[in-house]
Amino acid sequence: MEAGEIGGALLFVLAAAAAVAVAVSVGAVDFSRPLTAGAPLDFQGAVSWLIGVLDGTSTAAADVYGAWVAVRAGVIAPVLQVAVWVCMVMSVMLVVEAVYNSVVSLGVKAIGWRPEWRFKWKALGGADEEKGSAHFPMVLVQIPMYNELEVYKLSIAAACELQWPKDRIIVQVLDDSTDPFIKNLVELECERWANKGVNIKYATRTSRKGFKAGALKKGMECDYARQSEYIAIFDADFQPEPDFLLQTVPFLLHNPEVALVQARWSFVNDTSSLLTRVQKMFYDYHFKVEQEAGSATFAFFSFNGTAGVWRTVAIRDAGGWKDRTTVEDMDLAVRATLKGWKFVYVGDVRVKSELPSTYKAYCRQQFRWSSGGANLFRKMAKDVLVAKDISLVKKFYMLYSFFFVRRVVAPTAACILFNVIIPISVTVPELYLPVWGVAYIPMVLTIVTAIRHPKNLHIMPFWILFESVMTLHRMRAALTGLLELEGFNQWIVTKKVGNDLEDTDVPLLQKTRKRLRDSYKDVNVVTAIFRKCFYRVLSGRDMLSSKHESDASKNRSDANTVTSDAYNNTLS
C-alpha cells in the first residue's frame, strides 16, 4: 500500500469521524424519536366508524376526515418516516464523500502539489517537429467521429498541428458517419492534410457495432497502429494545444507503472447561455475536486473518454475496449486499475471542447453517463472484490466512493428527499424531518461545490434549481442501468454546434414541444411544470432567440450550399 493510499484512507476516516462528532455535539442527530409518527391504525375503531356511518349516527364528512387522519398517522407517516431516515443516512454518506474530496483538493492547491512530486517527469529534448527523433516514442492519435459536420475540421486540424516529430506520430480518423456527404468531406479533409506531409489515416467500418468502443477497438487492429507505444484520444469537438503531447507523454515515458494521463477540459461556449454556465459548474467540481482528489491519493479516477493518453500495453493488458456499457472509458479505466496500473491527472493541461448547447442534448448525455456508470457497477462489483493486484483500501474506495456513493446514492437521495418526501410532507404533519438533513447538509454540499469556482457564485441559485430538476432524470437513468431496464444501453451522439459559436450572442437553446402524455410516460409528471418554467428561464429572450435561430438556420443552409458547391467542384 502506497503513502498516498494510506493518507487518503486516513483523511476519509477523519472526515467521517468529524461529521459524526459535530452532529452529536450540537444535538442535531436524534434517533430517539420513534419511526411511527402517530398512533397505529386501530382496526376496532375503523369498524366502529363504519357502523356509525351505516346507522346514521356520525357525520360523513367528519368521519371521512377522521379516517384520513387515522390512515395518514398509522400507515402513510410511518412508511414515509422510514424513507426519511434512509435518505438521511444516504445524505450523510454523500456529505462525507464531498467534504473528503474537497479537503484533499484544497490541500493539494494550498501546498502547491503537482503530479511531478509523485511521478517522474522530464521534458523530451530536441522536440523539433521537422526532424524525426528516434528517442521519441511512436504516438497514435485517434479521433472517433459520427456525422460531425460542424466540428470535423477543427479536431482534425488540431491533431495534425501537434508538436511531435512527423515520423513518430500517426493521426487516425475513425469515421462512423452514415451520411455519405459528410463522409466524403471528412475523407477530403484527411487527404488535404496528407498532402501537407502529415501521416494521417482515414478508417471506416461497415457497421457501427459497439459505437465508440467498437471504432477504437477496430482502429487498434490496423497494422500501422500496432507499432504505436501510446495512444492519444480526442472526441470530434476537442481541440488540443500544440504542446499537448510534450506535456503528457513524459509521464508515461518515465513511469512504466502509469497507464493513463488525463488532461482537464475547457470549454469554448461556457458563457453562451445560462445552461452552459450551469454545466461548467458541474464540470469544474468534477475536474477540480473529484479527479484531482482521486489522482493525488489513490492514483485512480475515471477516464473521461477523451483528452487523454493511454499506454498501448495497458489497454491490451486490461482486455481492450469493450462495448458492454455506454461508458466504455470508465469500463477500461476500472479494468486497468484492477491489473495494477496507475493514472495521472494533469489539471494544468487543458483541452478545448464544446458543451451541449440544448437542454435535450444535455439530458441525453447525462442519461447515458448515469445509466452506464450504474450498469458498470453491477457488472464490475464482484471483479473489484476478488482483484489481487490492488490494496484493500483502494477496493473500498472504488466500490464505496467511486461507484456506490457517486453513481447510486447521489441521484437517489437528492431525488427522493427533495422531489418526493419534502413536497408530500406538507400534507402529512405527523412526518418528522430533521433540520440537519434538509437544511444543514444541503448547505454544506452547496458550499463544497461552489468553493472551487467562486466566480460563478452569482448563478448558484440557478444551479440549485437546475440540479433539483436533473436529479429525477439521473435517478431514473441510474435505476435503468442498475436493473438493466429498457434503454440502458442506448447511445445517442451529442449534437455539436462548432463554428456557429463565433457569431452567437444569445442562448443556444432550441425549443421543443412535448405532450403531457409524453411527460407522464417519462415519469416526469411531478416536475413537468417546474421543468417547463425553468426551461423558459434558461432559454433567455424568446423573441431574440427565435430571430437568431431563424438567422442561424439560414446561415447554416447557405454554408452547406457553399460547401456542397466546393465539394462538387473538387470532384470535378
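Here the structure is a predicted model, which is why all the values come from computation and not from measurement. Quick note: numbers below take in every heavy atom, side chains included, and nothing from hydrogens, waters or symmetry partners.
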Can you list everything that forms a side chain to side chain donor-acceptor pair (under 3.5 Å) with [X]? Sequence neighbours excluded, please.
{"X": "Asn375", "answer": "Lys379, Glu484"}
{"X": "Thr412", "answer": "none"}
{"X": "Arg406", "answer": "Glu97, Tyr397"}

Point to revise | Closest non-hydrogen atom pair, Asp235 against Lys212 | key: OD1-NZ, 2.8 Å
Going by distance alone, is a donor N or O of one side chain under 3.5 Å from an acceptor N or O of the other, for [X] and [Y]?
{"X": "Asn147", "Y": "Thr178", "value": "yes"}
{"X": "Asp317", "Y": "Trp341", "value": "yes"}
{"X": "Asn419", "Y": "Thr471", "value": "yes"}
{"X": "Ser177", "Y": "Asp179", "value": "no"}

Results of salt bridge (Lys or Arg N to Asp or Glu O under 4.0 Å) for [X] - residues two or more places apart only:
{"X": "Arg407", "value": "none"}
{"X": "Glu241", "value": "none"}
{"X": "Asp348", "value": "Arg114"}

Partners passing side chain to side chain contact (heavy atoms under 4.5 Å, CB included) against [X] (at least two apart in sequence or in another chain):
{"X": "Leu94", "answer": "Val405, Ala410, Leu445"}
{"X": "Pro250", "answer": "Trp121, Leu124, His254"}
{"X": "Leu399", "answer": "Phe377, Ala381, Val384, Leu385"}
{"X": "Phe303", "answer": "Ile233, Leu260, Gln262, Trp310, Trp321, Asp329, Ala333"}

Review point. Checking Lys120 against Phe251: charged group under 6.0 Å from the ring centre and within 45 degrees of the axis?
Key: no
Exercise for review: Report yes or no: is the cationic atom of Arg208 (NZ for Lys, CZ for Arg) under 6.0 Å from the centre of the six-membered ring of Tyr146, at an angle within 45° of the ring normal?
Suggested key: yes
Check your understanding: What pairs of residues pass the ring pair (Phe, Tyr, Trp, His ring centres under 6.0 Å) test when at least one of them lies in residues 183-210, not counting sequence neighbours?
Key -> none
Revision key, fill the gap. The complete set of salt bridge (Lys or Arg N to Asp or Glu O under 4.0 Å) pairs with one or both residues in residues 380-394, sequence neighbours excluded, reads Glu5-Lys394
Review point. Got more than 12 heavy atoms from elsewhere within 6.0 Å of CD, Gln227?
Key: yes
